[in-house]
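Numbering of residues begins at 1 and proceeds along the displayed sequence.
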Amino acid sequence: MSGTKTVPSDSPWGKRLGAIVGVSAVLGLVALMLFNSDPVTGIPDGTETFTVGSPEHINGDIYAKGEIPAGGPHDAVLANCGFYDTPVRAENALHSLEHGAVWITYLPDLPSEQTDRLR
């Protein structure tokens with residue numbers, strides 16, 4: 001018998017060390033979230049509130065040209081999300097907002113480099 005031993009190359013220590021590092025990282029992130037500063041609560045200064053009507057579908061024009069409603073009755077057809085270089089009916093935009101879209105408007109005389117940036 002010789003005095004040489006064969007050691008398996010698939011030692012479990014690599015996996016164990018990886019698991020310890022992974023669990024430590026997760027625990028560190030949880031601790032960071034728990035002990036971070038308190039979230040801001042309350043209503044921020046400058047917040048405006050609006051009273052809106054029922055979000056029902058109505059055919060035809062409801063709002064005056066240039067009127068931007070915060071909610072209420074709107075068209076049954078939504079406006080596809082994207083960039084528009086012509087005005088969009090408020091009734092269609094409002095339907096998109098009802099479904100969670102974010103609508104950014106701009107003035108028609110905005111410089112082209114700024115509209116390109118929005119695009």
Side-chain angles (χ1 to χ4, degrees):
M1 295 261 199
S2 80
T4 307
K5 291 186 175 181
T6 305
V7 178
S9 62
D10 57 341
S11 173
W13 284 105
K15 291 180 183 178
R16 289 178 185 163
L17 185 58
I20 291 170
V21 169
V23 169
S24 297
V26 170
L27 289 176
L29 288 173
V30 169
L32 182 65
M33 289 176 8
L34 289 176
F35 297 110
N36 202 359
S37 62
D38 291 334
V40 176
T41 58
I43 299 174
D45 292 339
T47 300
E48 294 183 47
T49 59
F50 301 91
T51 302
V52 297
S54 173
E56 58 188 307
H57 293 161
I58 297 176
N59 291 326
D61 293 333
I62 304 166
Y63 303 102
K65 185 177 180 179
E67 184 178 3
I68 309 293
H74 55 271
D75 199 288
V77 178
L78 57 80
N80 289 330
C81 293
F83 186 88
Y84 292 88
D85 55 6
T86 58
V88 176
R89 287 181 66 238
E91 293 82 359
N92 302 105
L94 189 54
H95 190 135
S96 299
L97 293 172
E98 177 188 39
H99 290 278
V102 175
W103 205 268
I104 300 172
T105 60
Y106 62 94
L107 297 173
D109 60 347
L110 193 66
S112 62
E113 63 272 0
Q114 292 183 14
T115 56
D116 291 343
R117 190 170 178 197
L118 285 173
R119 187 185 312 267

Peer 1: Could you check whether atom CZ of Arg16 has more than 12 heavy atoms from other residues, nucleotides or ligands sitting under 6.0 Å from it?
Peer 2: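 Buried by this count: over 12 neighbours within 6.0 Å.
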
Peer 1: Got a second to check how far Thr105's OG1 is from Leu110's CG, nearest 0.5 Å?
Peer 2: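 Here the rounded value is 10.5 Å.
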
Peer 1: Mark yes when over 12 heavy atoms from residues, nucleotides or ligands other than Asp45 sit less than 6.0 Å from its CG; otherwise mark no.
Peer 2: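 For Asp45, atom CG is not crowded (no more than 12 foreign heavy atoms under 6.0 Å).
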
Peer 1: Without placing hydrogens or testing angles, list every side-chain donor-acceptor pair under 3.5 Å for residues 70-91, not counting sequence neighbours.
Peer 2:
residue: His74; atom: ND1; partner: Gly72; partner atom: O; Å: 3.0
residue: His74; atom: NE2; partner: His57; partner atom: NE2; Å: 3.3
residue: His74; atom: NE2; partner: Glu98; partner atom: OE1; Å: 2.9
residue: Asp75; atom: OD1; partner: Val77; partner atom: N; Å: 2.8
residue: Asp75; atom: OD2; partner: Arg89; partner atom: NH1; Å: 3.2
residue: Tyr84; atom: OH; partner: Asn80; partner atom: N; Å: 3.4
residue: Tyr84; atom: OH; partner: Asn80; partner atom: O; Å: 2.7
residue: Arg89; atom: NE; partner: Asp61; partner atom: OD1; Å: 3.2
residue: Arg89; atom: NH1; partner: Asn92; partner atom: OD1; Å: 2.9
residue: Arg89; atom: NH2; partner: Gly60; partner atom: O; Å: 3.1
residue: Arg89; atom: NH2; partner: Asp61; partner atom: OD1; Å: 3.1
residue: Glu91; atom: OE2; partner: Ile62; partner atom: N; Å: 2.6
residue: Glu91; atom: OE2; partner: Tyr63; partner atom: N; Å: 2.8

Peer 1: Within a reach of under 6.0 Å around CG of Asn59, are more than 12 heavy atoms found that belong to other residues, nucleotides or ligands?
Peer 2: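 No - once you tally the heavy atoms of other residues, nucleotides and ligands closer than 6.0 Å, there are 12 at most.
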
Peer 1: With no hydrogens and no angle check, is any side-chain donor or acceptor of Thr47 less than 3.5 Å from a backbone partner on Ile43?
Peer 2: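 Not a single qualifying donor-acceptor pair exists.
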
